[in-house]
Amino acid sequence: MIREAVKSDLSGLLKLYMQLHDNPFPEIDEKLTALWERIMNDPDHHIIVAEEGGAIVSSCVCVIIPNLTRGQRPYAFIENVITDEKWRKKGLATACLNYARDIAVNENCYKMMLLTGSKEQSTLDFYERAGYNKRDKTAFIQWL
């Protein structure tokens with residue numbers, strides 16, 4: 001099932017994120033709970049999840065960004081695309097990205113963007129099959 005995350009998904013999502021950049025499972029403390037509440041209450045912040053057998057096995061984040069150009073149409077930014085290694089190649093990440101696209105279309109976005117740190121050709125090919133291209137923009141990152 002593809003859906004937006006709900007409050008009770010925090011632990012399952014954090015478990016999945018452990019496979020993203022070797023991210024350790026954080027302590028669920030007051031600070032993390034407040035951050036989760038902030039995300040859950042932000043109408044422009046969408047965490048899409050694929051659930052199988054009661055577990056979150058794939059996810060992406062779609063943030064709608066208000067914009068003063070392009071006829072004041074917003075754009076969507078996609079981040080944290082991940083599928084549990086046991087569930088890959090089953091179309092779940094594609095389904096999450098398609099769900100994010102539907103959100104962007106419903107919000108009247110004029111474009112969607114995503115960045116990946118992966119240099120794996122299979123990952124780059126996956127994003128191109130999902131409708132993204134690497135020709136239109138050049139990305140720069142400044143780590144803080």
Exercise answer: donor-acceptor pairs, residues 88-100 side-chain atoms, under 3.5 Å, sequence neighbours excluded:
residue: Arg88; atom: NE; partner: Thr83; partner atom: O; Å: 2.8
residue: Arg88; atom: NH2; partner: Thr83; partner atom: O; Å: 3.0
residue: Asn98; atom: ND2; partner: Thr94; partner atom: O; Å: 3.4

Taking His46 for the side chain and Pro43 for the main chain, is one N or O donor matched with an acceptor at less than 3.5 Å? yes
Mind checking whether Leu13 and Val61 sit in one hydrophobic cluster, side chains of I, L, V, M, F, W, Y counted as touching below 4.5 Å? yes
Given the rule that I, L, V, M, F, W and Y join up when any side-chain heavy atoms are under 4.5 Å apart, are Tyr75 and Leu115 in one cluster? yes
Rounded distance [0.5 Å steps], CG in Leu16 versus CG in Asn23: 10.5 Å
May I have the step-by-step check of side chain to side chain contact (heavy atoms under 4.5 Å, CB included) for Arg135 and Glu128, ending in yes or no? CA-CA 11 Å; Arg135 296 173 305 279; Glu128 287 194 303; 4.0 Å; yes
Cluster overlap Trp36 with Tyr17, hydrophobic side-chain contacts below 4.5 Å: yes
What pair of heavy atoms forms the shortest contact from Ile64 to Pro66, and how long is it? O-CD, 3.6 Å
Tell me if the CZ atom of Arg3 is crowded by more than 12 foreign heavy atoms within 6.0 Å. yes
Does one hydrophobic cluster hold both Ile2 and Trp87, with members joined at side-chain heavy-atom distances below 4.5 Å? no
So that I can tick it off, tell me whether Arg73 and Glu107 are bridged by a salt bridge, with the cut-off set at under 4.0 angstrom between side-chain N and carboxylate O. no
Is the number of heavy atoms from other residues, nucleotides or ligands within 6.0 Å of CD (Glu120) greater than 12? no
What distance separates Ile47 CD1 from Cys62 SG, expressed to the nearest 0.5 Å? 11.0 Å
What do you reckon, is NZ of Lys15 surrounded by more than 12 foreign heavy atoms closer than 6.0 Å? no
To the closest 0.5 Å, what do you measure between CG (Asn108) and CZ (Arg70)? 13.0 Å
So if you build clusters from Ile, Leu, Val, Met, Phe, Trp, Tyr with side-chain heavy-atom gaps below 4.5 Å, do Val49 and Phe25 land together? yes
One should read off an interatomic distance between Ile48 CD1 and Ile78 CD1, to the nearest 0.5 angstrom, of 6.5 Å
Check the pair Glu37, Lys7 against side chain to side chain contact (heavy atoms under 4.5 Å, CB included), reporting the backbone distance first and the verdict last. CA-CA 8 Å; Glu37 283 288 325; Lys7 283 186 182 183; 3.2 Å; yes
Would you find more than 12 non-hydrogen atoms of other residues, nucleotides or ligands less than 6.0 Å from Gln121 atom CD? yes
Under the criterion side chain to side chain contact (heavy atoms under 4.5 Å, CB included), I'd like the reasoning laid out for Lys137 against Lys111: C-alpha separation, chi angles, the key distance, then a yes or no. CA-CA 12 Å; Lys137 297 276 185 176; Lys111 71 177 177 182; 3.5 Å; yes
Reported OG1-to-CD1 distance for the pair Thr33 and Ile28, which is rounded to 0.5 angstrom: 7.0 Å
Has the side chain of Ser58 got a donor or acceptor atom that lies under 3.5 Å from a matching backbone atom of Asp84? no
Main chain of Arg38, side chain of Asp42: is a donor-acceptor contact present, judged purely on distance under 3.5 Å? no
How long is the span from the CD atom in Gln19 to the CD atom in Glu85, to the nearest 0.5 Å? 4.5 Å
